[in-house]
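Heads up, the thing below is written out as C-alpha cells.
In what follows, chains carry the letters A, B, and so on, assigned in the order in which the sequence lines appear, proteins first and then strands, with residues in each chain numbered from 1. Model, not experiment: these values are computed from the prediction. Side-chain atoms are counted along with the backbone in the values below, which use heavy atoms only and exclude waters and symmetry mates.
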Protein chains: 2
Amino acid sequence: MKKPRLLLADDHTILLEGLKALLAPEFEVVATAGDGRAVLEAAEKHQPDLILLDISMPGLNGIEAARRLRESNPGAKLIILTMHGDLSFVSAAFEAGVSGYVLKQSAATELVTALHDVDAGRRYISSLIQNRVGAEMPAFMRRPKGATGELTSRQREVLQLVAEGRVRKEIAQILGVSVKTVEFHKQKITEKLGIHTDAALTAYAIRHGIASGE
Amino acid sequence: MKKPRLLLADDHTILLEGLKALLAPEFEVVATAGDGRAVLEAAEKHQPDLILLDISMPGLNGIEAARRLRESNPGAKLIILTMHGDLSFVSAAFEAGVSGYVLKQSAATELVTALHDVDAGRRYISSLIQNRVGAEMPAFMRRPKGATGELTSRQREVLQLVAEGRVRKEIAQILGVSVKTVEFHKQKITEKLGIHTDAALTAYAIRHGIASGE
DNA sequence: ATAATTTCGTAGCCGTCCGCCCGGGCTGGG
DNA sequence: CCCAGCCCGGGCGGACGGCTACGAAATTAT
C-alpha cells in the first residue's frame with residue numbers, strides 16, 4: 001500500500017506547514033506551492049496523484065489553476081480546500097474539474113477522508129456544505145449556469161438595492177412598481193440563495209460584486 | 001524550562017489542528033476555540049500564559065476578544081495570527097492590547113519566535129509588516145477619531161452579530177439578554193452611525209473589519 | 001469626599017414593517 | 001400552448017424601530 005503522492009497549494013505558509021505535518025502519516029507530500037502559478041510548475045515537475053488547492057491565492061486563483069491543471073495534468077485528482085462555502089464557488093470548482101471540496105472549518109479527519117475518497121476515484125463534498133444547502137445541491141449541480149447566474153437581472157437589481165440599505169418602499173419607488181412586487185422578487189432571491197436576512201444578503205452581494213459595499 | 005501554556009483560537013479547525021501539531025514540541029496547547037466567545041470561556045477556565053487569536057472569527061472577532069481578555073485575563077499575553085496585513089488592523093490590535101502580530105503567510109518558525117518573544121515580555125510584529133509600518137504608521141497615529149471607536153464594546157459586538165445575518169432572537173440568546181436590549185443597542189448604533197438598515201450596517205461592518213463578510 | 005451629571009446596559013409598550021402564505025393577471029419565448 | 005418571469009393584492013404572525021424608564025458605573029463638578 002503505497003502512499004499517494006500529494007501536492008499542496010495555499011498562500012498561507014503556516015497552514016501549508018501544518019497540513020504537511022497532519023497529512024504526513026498517510027500521504028507523501030512531494031511539494032508545496034504558495035500561488036497558482038507555482039502549482040502548475042510543481043505539478044509538471046513532480047506529477048503528483050493528488051493536488052490540494054486553496055481558492056484564494058495570489059496571481060492565479062485555485063479555480064483557474066484547477067482548469068489549467070485539468071489540461072496539463074489530466075492524471076492528477078484535484079481537491080479544493082477553502083474557507084468559502086458559497087454555492088457559486090462550489091459549482092465553479094466542479095465545473096473546473098475538481099473531484100473534492102472541503103472547507104477549512106472542517107476537521108482534519110474529514111480532509112483525510114476526502115483525499116482517500118478522491119484518490120479512489122470518488123467525489124467528495126464537505127458535509128458542512130451539504131448541511132448549508134441541503135436538498136438544493138443536486139438540482140444545483142445539474143444546472144449549466146453559475147450561481148449568481150441563477151438570479152434574473154431583475155432579481156440582481158433588487159438585491160443590489162437591498163444591499164445598498166434601501167427599504168422596500170424606496171425600492172418600489174425607484175423601480176416604479178408596488179411594494180408587493182419588490183417583496184415578490186425578494187422572496188425569490190431568498191429562496192434561490194437560501195439566505196433570509198438583509199444583512200446576510202448584503203454580505204453575499206458584496207462578496208459577489210453585485211453591490212460595492214461603499 | 002517549562003513549556004508555556006498556550007490557548008489557540010481560530011474558526012478554521014484544520015488550521016487549529018495543524019498549529020497544534022506544529023507547536024506541540026515547544027508549547028503546551030491547553031485548549032482550542034473556534035470563536036471569540038469560546039476563547040473567553042477557555043481563557044477563564046485554563047488560565048493560559050499565551051493566547052493566539054485569529055481576527056476573523058464568528059460571533060466575536062479577535063480584536064474585540066483581545067479587548068475583553070485584557071480585562072478578564074491581564075496575565076495572559078495576546079498574539080494575533082491573521083491573513084490581514086492592513087495597518088488599520090495592526091494598529092487596532094495593538095490598541096486592544098496585544099503583544100504580537102503574525103501573518104498566516106509567515107513561516108511557522110516565525111510564529112514560534114513571536115510566541116517566545118512575547119512570552120518573554122517583548123513585542124513582536126511580523127517582518128512582512130514591519131517595513132510598511134515604518135512608512136505608513138505615522139499617518140495612523142494622528143488619525144482624527146476612528147469611526148468605529150465611537151461605538152462601545154457591546155455595540156460592536158451587536159453590530160458584528162447583526163452583520164453575520166443573525167436575527168434579534170438569536171442575538172439575544174447568544175448574549176443572554178432580552179430581545180429588547182438587543183434592539184436598544186442597535187438603536188444606539190444607528191443613531192451614532194446614521195445608518196438605519198441592517199443591510200447598510202452590514203456593509204459598514206465589513207468595510208471596518210468588525211465582520212468578515214463570510 | 002461627596003454630589004451631580006453623563007454614559008451604558010437593561011427592558012416593557014405599542015405601532016409599523018416585513019416575511020410568507022395564499023390568490024390572480026399579463027407578457028414573451030421555446 | 002405552456003412555462004417563466006414579472007406584476008399586483010389580501011391577510012396573518014412575528015420581527016423590528018421608536019419611545020420611555022430605571023439602576024449601575026464612570027466621570028465631572030462642587
Can you list, pair by pair, the side-chain donor-acceptor contacts under 3.5 Å of residues 174-184 of chain B, counting residues two or more places apart and other chains?
from	atom 1	to	atom 2	distance (Å)
B:S178	OG	B:K180	N	3.1
B:S178	OG	B:T181	N	3.3
B:K180	NZ	B:E183	OE1	2.7

Would you mind reading off the distance between [X] atom [atom1] and [N] atom [atom2], rounded to a whole angstrom?
{"X": "B:I189", "N": "D:dG17", "atom1": "CD1", "atom2": "P", "result": "11 Å"}
{"X": "A:I171", "N": "D:dC7", "atom1": "CD1", "atom2": "P", "result": "13 Å"}
{"X": "B:H185", "N": "C:dT7", "atom1": "NE2", "atom2": "C1'", "result": "12 Å"}
{"X": "B:L175", "N": "C:dC8", "atom1": "CG", "atom2": "C1'", "result": "15 Å"}
{"X": "A:K188", "N": "D:dG5", "atom1": "NZ", "atom2": "C1'", "result": "9 Å"}
{"X": "B:E170", "N": "D:dA15", "atom1": "CD", "atom2": "P", "result": "10 Å"}

Inspect the surroundings of [atom1] in [X] and state if more than 12 heavy atoms from other residues, nucleotides or ligands are less than 6.0 Å away.
{"X": "B:E71", "atom1": "CD", "answer": "no"}
{"X": "B:K192", "atom1": "NZ", "answer": "yes"}
{"X": "B:K3", "atom1": "NZ", "answer": "yes"}

Side chain of B:R154: nearest nucleotide among D:dG5, C:dG12, C:dG9?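 It is C:dG9.
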
Donor-acceptor under 3.5 Å ([X] side chain, [Y] main chain):
{"X": "B:R37", "Y": "B:G59", "value": "yes"}
{"X": "A:T13", "Y": "B:Q105", "value": "yes"}
{"X": "B:D86", "Y": "B:F89", "value": "no"}

Taking A:D54 first and then A:K104, would you say they form a salt bridge - that is, a charged N and a carboxylate O separated by under 4.0 Å?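 Salt bridge flag = yes for A:K104 with A:D54.
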
Pair B:D198 + B:R168, salt bridge at N-O below 4.0 Å: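 Answer for the salt bridge query: yes.
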
- State which residues pass side-chain hydrogen bond (donor to acceptor under 3.5 Å, both in side chains) with A:H116; sequence neighbours excluded, sorted by chain then number.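 Applying side-chain hydrogen bond (donor to acceptor under 3.5 Å, both in side chains) to A:H116 gives A:E26.
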
Less than 4.0 angstrom between a side-chain N/O of B:T152 and OP1 or OP2 of C:dT7, yes or no?
no

Between B:S178 and C:dA11, is there a contact of a side-chain N or O with OP1 or OP2 at under 4.0 Å?
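Result: yes.
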
Rounded to 10°, the angle between the first-five-pair and last-five-pair axes of the helix from C:dA1-D:dT30 to C:dG30-D:dC1 is 40°

Numerically ordered, the residues 59-67 of chain B set in heavy-atom contact under 4.0 Å with DNA chain D is none

For a quick check of understanding: with a heavy-atom distance under 4.0 Å over all strands, which category does B:T181 fall into, base, sugar-phosphate or nothing?
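Contact class for B:T181: base.
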
Per-nucleotide protein contact along nucleotides 15-30 of chain C, 5' to 3', at a 4.0 Å heavy-atom cut-off (B base, S sugar-phosphate only, - neither), is --SBSBS---------

With sequence neighbours left out, the residues meeting side-chain contact (heavy atoms from CB on, under 4.5 Å) with B:R68 are B:L40, B:L60, B:E64, B:S153, B:E157

